[in-house]
Amino acid sequence: MELLILLYALPIFYFLFVIWKGVDARRNQECYILDYQLYKPTDDRMLDTEFCGDLIKRTKNLGLVEYKFLLKAIVSSGIGEQTYAPRIIFDGREDNPTILDGIAEMEEFFYDSVGKLLARKSISPSEIDVLVVNVSMLSSVPSLAARIINHYKMRDDIKVYNLSGMGCSASLISVDIVRNIFKSNKNLYALVVTSESLSPNWYSGNDRSMILANCLFRSGGCAILLTNKRALKHKAMLKLNCLVRTHHGARDESYGCCMQKEDEQGRLGFHLSKNLPKSATRAFVDNLREMSPKILPLSELLRFLIVSLVRKMSQTSSKVGGATKPVINFKTGVDHFCLHTGGKAVIDGIGLSLELSEYDLEPARMTLHRFGNTSASSLWYVLGYMEAKKRLKRGDRVLMISFGAGFKCNSCVWEVMKDLGDANVWKDCIEGYPPVSLANPFMEKYGWINQEDPSTFKFPE
C-alpha cells in the first residue's frame, strides 16, 4: 500500500518540482533598474540665442534663404536657451572635426556619469557583469566600450556590447540585450551607457534636409544600472514588464528617411527626409499593434473591437465615409508616457494619435525645451523630469516610446517599484518648469530677416 502511494506521489512531486523550477527561473529573469545618472554638461557649453546667431553667421555657406529656413525651424522647434553643444563648436572648429574630438566628448560624459552612478550605489566597477554602450554616429578603435573598461579596470570576463548606427531608439535596444542575457544568467549587474557624439557630425553646409539636425540635436547622455538579483528587488526603482521592437528597414522609403551622409560638397551631416513623418507613423502603428495586448486590460481591447465593428457596420449601411476612427485608450493600462523628444512635431503627433493631455505631454515638451533632442538618451531625461516632479508612485506603469534611424520604433513598459523623487540633473531648474511660455527669443532678435530683400541683403557685423 505504501509502495502504491509512493508510486502515485512521485509523478505529482515531480510535476510540482517542474512548476516550481519554472517559476523560480522566471523570477530570476526579471530586469530591474537600480539607478540611473543623467549627464549635465558644464555651463560653458550652453547654447543661448546670441551664440547661436554668431554660429550661424560664421557658417559661410548660408544665404538669406537658409537664414529664413533656420529661423523658422528654430522658432518652432520647442528648444530653449539652455541646451548644450560639444566643445568643438565653442572652439570654432566645427568645420574641421577630428575623431579625437568625438572621443573626448564621449569620455567627458562617460567619466562623469558612470563614476557618479557607481559611487552612489557603492558598487565597484569589478562587480559589473555586462556592459552595453550605444553611441550611434561614432565608432572608434578600440571601441568606446573598451575605453570604459580600461578606465574603470573592469573584469576580464565582462560581457561587452558596443552598438553603433542604431539611432535615437538605441537605449531600448541596449535594455533588450540586457534583458535577454538576464534570461539565461542569474545574479548579474549590467551597465547601459547611452549617448550621441555630435562633434564629428555638426553640419556646416547649406542642404536644408541636413541643416535641420543642427536645430534639434544636443549633447547629453545617461548611465543606467540594471540587475536581475532577486535580493535587490526591494532596492529597485523600476521593473521591466515588456519591450517591443519594430524595424521597417526592408522598406526603402523608411530606410532612407534618416541617414548620416555627405552633401554634394562632401560635408558630413545627418539627413532628415520629407518621408520621415510617414515612416514614423507606420512604425509607430505597427509597434503599438503588438504592444497593446501586452499592456491593456481585456475590457479595453473588447471595447475597441466592438466600437470598431459598430462603426464599420454603420459606415457600410449608410455608405458614408469619413467617420472618426476609434482610438484605444492607453490610459487604461499606462499611467505615464515617456516620449522621445525628436522634436515638437513628434511630440504633438504622438499626443494626437493617443489622445494624450497636456499633462501627459509635459515631461517630453519640457525635456525638449531644457535639453533638446539628446538622441538615445532623451527618454531618460523625460523620465528624470517625471521623477523630479514626484509623479512616479509605486505601482505606476510608464510607457516609453522611441524612434530611430533604420527606421525603428521601440517601446517598453516599466513598473515603478517605489515612490521616486530624486531630481537628478533637473534639481537646479525643476521649480521653474513648466515656464509660462516656451517661446524662445529668436524671432524677437532675428525676425527682421523675414523682411529682407535677397538682392540687397547683408548680415550686419
Side-chain angles (χ1 to χ4, degrees), residues 39-63 66-67 69-71 73-74 77 79-113 133 135-144 147-148 151 164-165 168 193 195-221 259-272 371-377 442 445-446 459-461:
Y39 177 54
K40 183 180 180 182
T42 52
D43 289 348
D44 61 339
R45 292 173 56 184
M46 197 174 285
L47 283 175
D48 59 16
T49 299
E50 184 176 356
F51 183 83
C52 285
D54 293 339
L55 176 60
I56 291 171
K57 281 190 287 184
R58 75 184 187 218
T59 306
K60 304 302 182 183
N61 304 296
L62 303 181
E66 288 78 24
Y67 289 141
F69 173 76
L70 277 170
L71 179 63
I74 293 173
S77 67
I79 289 180
E81 290 196 285
Q82 293 182 303
T83 59
Y84 303 95
R87 293 193 183 280
I88 189 174
I89 306 300
F90 298 91
D91 294 341
R93 296 188 296 107
E94 65 272 11
D95 288 344
N96 301 290
T98 67
I99 191 169
L100 291 179
D101 290 319
I103 292 172
E105 180 189 4
M106 291 297 91
E107 288 184 339
E108 188 173 350
F109 151 59
F110 292 158
Y111 303 154
D112 175 89
S113 298
V133 178
V135 175
S136 186
M137 295 192 291
L138 177 66
S139 181
S140 67
V141 179
S143 69
L144 295 174
R147 293 176 184 275
I148 294 176
H151 180 80
S164 63
C168 297
V193 181
S195 185
E196 188 55 86
S197 178
L198 300 183
S199 295
N201 295 283
W202 193 271
Y203 181 62
S204 55
N206 57 9
D207 187 320
R208 290 193 192 183
S209 69
M210 298 169 78
I211 291 176
L212 189 58
N214 289 355
C215 301
L216 295 174
F217 287 100
R218 295 293 185 264
S219 296
M259 186 173 290
Q260 184 185 28
K261 57 182 286 189
E262 295 175 335
D263 65 12
E264 293 180 354
Q265 286 74 43
R267 299 184 183 90
L268 185 66
F270 194 65
H271 162 77
L272 301 172
F371 292 99
N373 179 357
T374 58
S375 190
S377 64
F442 283 92
K445 189 172 180 63
Y446 297 108
F459 215 117
E461 296 296 332

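Bear in mind the structure is a predicted one, so any value in this text is a computation, not a measurement.
Residues forming a side chain to side chain donor-acceptor pair (under 3.5 Å) with Ser136 (at least two apart in sequence, or on another chain): none.
Side-chain polar atoms of Arg87 and Ser219 form no donor-acceptor pair below 3.5 angstrom. A donor-acceptor contact under 3.5 angstrom links the side chains of Arg267 and Asn61, judged on distance only. In this structure, a donor-acceptor pair under 3.5 Å is absent between the side chains of Glu94 and Ser204.
A ring-ring contact (aromatic ring centres under 6.0 Å, His included) with Tyr39 holds for exactly one of Phe371, Phe110, Phe109; it is Phe109.
Looking only at side-chain heavy atoms (C-beta outward), Met106 and Val135 come within less than 4.5 Å of each other. The shortest side-chain heavy-atom distance between Ile74 and Ile56 falls under the 4.5 Å cut-off. Considering only heavy atoms from C-beta on, Phe217 comes within 4.5 Å of Cys168 through its side chain. Using a 4.5 Å cut-off on side-chain heavy atoms (C-beta onward), Tyr84 and Leu198 make no contact. Looking at Asp91 and Asp101, their side chains never come closer than 4.5 Å, going by heavy atoms from C-beta outward. Inter-residue side-chain proximity for Leu62 and Leu70 is flagged as met; some heavy-atom pair is nearer than 4.5 Å.
In this structure, Phe270 has its ring center at least 6.0 angstrom away from the ring center of Tyr203. Checked against the 6.0 Å centroid criterion, the rings of Tyr67 and Tyr446 do not qualify as a close aromatic pair.
Few gaps surround CD on Gln265; more than 12 heavy atoms of other groups in view lie less than 6.0 Å from it.
Looking at Glu107 and Arg147, a side-chain N of the basic residue comes within less than 4.0 Å of a carboxylate O on the acidic one, giving a salt bridge. Ion pairing of Glu196 with Arg218 is absent here, as no side-chain N (NZ or NE/NH1/NH2) approaches a carboxylate O to less than 4.0 Å.
Gln260 contributes no side-chain N or O that, together with a main-chain N or O of Leu268, makes up a donor-acceptor pair within less than 3.5 Å. Checking side-chain atoms of Glu66 against main-chain N and O of Gly63 turns up a donor-acceptor pair under 3.5 Å.
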